[in-house]
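Okay, structure first, notes after.
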Protein chains: 2
Amino acid sequence: MDTIFYNGKIKTMDKVRPEAEAVAVKNGIIARTGSNEEILSLGDSDTRKVDLKGKFVLPGFSDSHLHLIYYANTKRKVELSQAKSIEDVISLCQMGLERLTEGNQWLLGCGWNQDYWEVPVFPTRDDLDKISKDIPIAITRTCYHATVINSKAIEILGLSENIPAFSNGIVETDEKGQANGILRESAQNIIWNNLGAPEIEDLKNRIIDACMDAASKGITALQTDDFETFTGDTLDLIITAYKELAAEGRLPIRIYQQCLLRTPEKLQAFLDKGYKTGYESGFYKIGPLKLLNDGSLGARTAYLRNPYCDDPSTRGVALYDQESLTRMIKMGHENGMQIAIHCIGDAAIEMAVNSFEKIMLEFPRIDSRHGIVHCQITDMELIERIRKLNLLIYAQPIFIRYDRQIINARVGRDLGKTSYNWRAYADRNMHLSGGSDCPVEKFDIIPNIYCAVTGKNPENDQDPAWYPENCLSVDETIKSFTIEGAYAAFQENERGTLSVGKYADMVVLDKNIYEIPEEQIKDIQVEMTIVNGVIKYSRG
Amino acid sequence: MDTIFYNGKIKTMDKVRPEAEAVAVKNGIIARTGSNEEILSLGDSDTRKVDLKGKFVLPGFSDSHLHLIYYANTKRKVELSQAKSIEDVISLCQMGLERLTEGNQWLLGCGWNQDYWEVPVFPTRDDLDKISKDIPIAITRTCYHATVINSKAIEILGLSENIPAFSNGIVETDEKGQANGILRESAQNIIWNNLGAPEIEDLKNRIIDACMDAASKGITALQTDDFETFTGDTLDLIITAYKELAAEGRLPIRIYQQCLLRTPEKLQAFLDKGYKTGYESGFYKIGPLKLLNDGSLGARTAYLRNPYCDDPSTRGVALYDQESLTRMIKMGHENGMQIAIHCIGDAAIEMAVNSFEKIMLEFPRIDSRHGIVHCQITDMELIERIRKLNLLIYAQPIFIRYDRQIINARVGRDLGKTSYNWRAYADRNMHLSGGSDCPVEKFDIIPNIYCAVTGKNPENDQDPAWYPENCLSVDETIKSFTIEGAYAAFQENERGTLSVGKYADMVVLDKNIYEIPEEQIKDIQVEMTIVNGVIKYSRG
């Protein structure tokens, strides 16, 4: 035996053998689970023995939707999520300025959310000009649907003169017709175009760094949407970086690539290269075609069936019309791609369901596992339509941490009550996987679980629970972050439970999440993370 | 839509949408399930509409272990299962003699079981000589582990002079040292060697004929062990026959081939041809390596840990020693074969578990789905060891119809009570699939379900239930004949429930098996059998 993990309180999540004290691992695979005595007897002098010290063990966590390379890049940016005002943003950026090494570099920031500020208004170029008029500055909102730039950046990007029109974005202007610094949706790309992409070795190092951070949170597998991290055609760069890391045995955790390919041309070019869901092997696999069908609730770009209650001038933004969305889905569906569509508003979800209904009737396919990412603003009729198609739900329970402050304001109480409705999916035995959308939220799984179970804000548990009747049990939540994450990646027979004949992907927690009071879940610490039987993270 | 089945009481066995009235099918795949109104609205003038007349619908039945080509051959043999005496055998064979067309043909019979006779003793050559002394005769016991031949056959086979020795079989002799006509185990092969194999077109027709019979019992998929149906190397003949039928679209139901390859040489030759579990496509797939580790309980060749209570001179026959069995398992396991081992006696099961334990520790493999076929004589310790390895159980509940008369006599009450213990597997959430071992028993699924649920003999319900505490619920039994059959063939995402995105394989019954009293289950009639949305059988 290569390694024996013993003296644990192991919850396998496998109904055949639900509990164990020890796990024997060989070649990365669970060879046996059982009592300490039974499993330790399988070892010899070459066997590594790891004492779990009575700690609680679960299958390794899955995060079913995040942006790994975006996250990796944000590590090099000024982190603004703790800012409580525009003044905080300015002083944090001024500190960041001191760390800039090269003269022609941009100062990049991210994570701000004006809804948390005392004066909840968007910053503009004028605010950022207080930081610097010589260095270009761009700070991106937590939702990634808007970025604010300073005057130097406006100059460099050529927005002082002619302001281009975008089909799915906008460069905001002031009363004089001048750019005010706010760029929404695809208009942000003019910044990223200017910045360019890193060299492959740099990118590989960023990926490893981000994976190690994920491992420190108990994550052993994740789905990541990266293709638009950089502008230009960097698809090959990104896939090659991951593939090389996988081939070199340097990927610390399992990666399932969500492939954001917005147009038929992009999808065709991808297919022409021979890529398809399930391709590649080992730690890196091609996952679903990812489509974006609307924006975010925070930025009021989530596409609603009715006008926003707190801004009746808009229903948000649909990034496709119904016909174009159907065309994209048809193309992916007929070419063997799993499909996962970002939909936050009820109108966006309805559009996705309309298209799926049509295509799945016209071209039924075995076990396609299409799904909806976020799926936030729902009513019971929409949920029933999703159920009929067996669509997967990629939920981010941690979103209620922030969204609880705006949901009812944006969509009204009636719709708020049936939204973020994880309970409805669980009651219907639907496939519900959990994720963080990192770097929109941190990929810490524990606070995410806390949100799903309690409906509370892990950072302020004095706030009342947000529609606790929509919450999940601990067991349902753990499933959504383990076996359901595996199912969403067609890997339920390889990982997601601690069963003989699955990969030894495990997380060790300091407390038994099934036995402590719910309120204490948020304080649980990840002690150790194990992938293929190898310890990838061990606390202090 | 190609076809709409409506006005049914449909139990989908899919937790996401458990019930429906109608199913829409396109390209063989379930495109939608729902209410009559909802589904009928999807049709147009080209849609075939099938009225299910309020009948009860389940996913099509799976039979997880039988011998399809043996069965096809028995259709050309004299059927002796209804014989109540040697006199019955003689008169049935005399009638069969009249139907023989060619002069040099053998008269073959099968299905007799002396345990049902008034005088329960094996027939001999002398009995069969009363039928004919000119035509060779061979009648095979229901268990397939013994065949009795007449004097003409003894002569043709050259057993009048030198009686050869067999490592795993015997030509029985009388007190004078003459063959008495009884050939056990591998000694039977001298008959089959003489008979030879059919032409491929003849074989293909036999297969279709047998599949149609299976379809008439609601079976839409089955696992079949055929490679030793004929002697000599007919593996290519058999695989080619199935493959051609699949390619020609002529296989009525789905076939998963259990590959009986007793020796390392045979397995190597098979692997060298490029075959492996999961290979081939469509309606014919290569299934597990099948190994035979002992004989039958009826013939007292099942291998027991203790001597037979009703014949202390024997513990039965192990067809491998521990080392050879381990070697075969290792070879299959390392070469990507799923492995299913015939074990009836507790010693045979223990040997299989010993070998699996060793190989699965030394060479852990992802999702191997190895298992034990029959797994009859068990105690709780053996069941626990099977559980630890996640082995599949291929059970034949219908076996208690006959075996209930001999179990306690053969192995004693204590062991009898913990044998045929389907309840123990269900309680442990183990993978339990149901089968008939046809032609050992008929592949009628309904009486098989009746046995699993009631523990009673479907042909004589006055007999008390056989250890009813070991029985299954209706739901557990249906699962074992549907989704668990699919799971055992790695097809749980393609069939086994009536879900959107699975093949439209369904069975229509005249009554709701969930609602009628248990005793009435045996009277249920199969009304219709549908494979890929096409009606393969419809009753009268």
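No experiment lies behind these values; they were computed from the predicted model shown.
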Please report the shortest heavy-atom distance between [X] and [Y], naming the atom on each side.
| X | Y | answer |
| --- | --- | --- |
| B:V500 | A:K388 | CG2-O, 3.4 Å |
| B:A31 | A:M360 | CB-O, 4.0 Å |
| B:K15 | A:N429 | O-ND2, 3.4 Å |

Review point. Does A:R32 reach the side chain of B:L361, with side-chain heavy atoms less than 4.5 Å apart?
Key: yes
Between [X] and chain A, with a heavy-atom cut-off of 4.5 Å, which part of the residue counts as in contact: side chain, backbone, both or neither?
| X | value |
| --- | --- |
| B:Q491 | neither |
| B:R387 | both |
| B:Y503 | both |
| B:D427 | neither |
| B:D367 | both |

Check your understanding: Among A:R17, A:E362, A:R495, A:E357, who wins on heavy-atom pairs under 4.5 Å with chain B?
Key -> A:R17
Exercise for review: Would you mind telling me which of A:M430, A:R428, A:M1, A:K26 has the largest number of heavy-atom pairs within less than 4.5 Å of chain B?
Suggested key: A:K26
Should we count [atom1] of [X] as having more than 12 external heavy atoms under 6.0 Å?
| X | atom1 | answer |
| --- | --- | --- |
| B:K49 | NZ | yes |
| A:E381 | CD | no |
| A:Q322 | CD | yes |

Exercise for review: Could you tell me which of B:K502, B:R365, B:E494 has the largest number of non-hydrogen atom pairs under 4.5 Å with chain A?
Suggested key: B:R365
Review point. When only pairs under 4.5 Å are counted, which of B:T33, B:N390, B:V25, B:I30 shares the most heavy-atom pairs with chain A?
Key: B:N390
Check your understanding: Which atoms of A:N27 come close to chain B, meaning under 4.5 Å heavy atom to heavy atom: side chain ones, backbone ones, both, or neither?
Key -> side chain
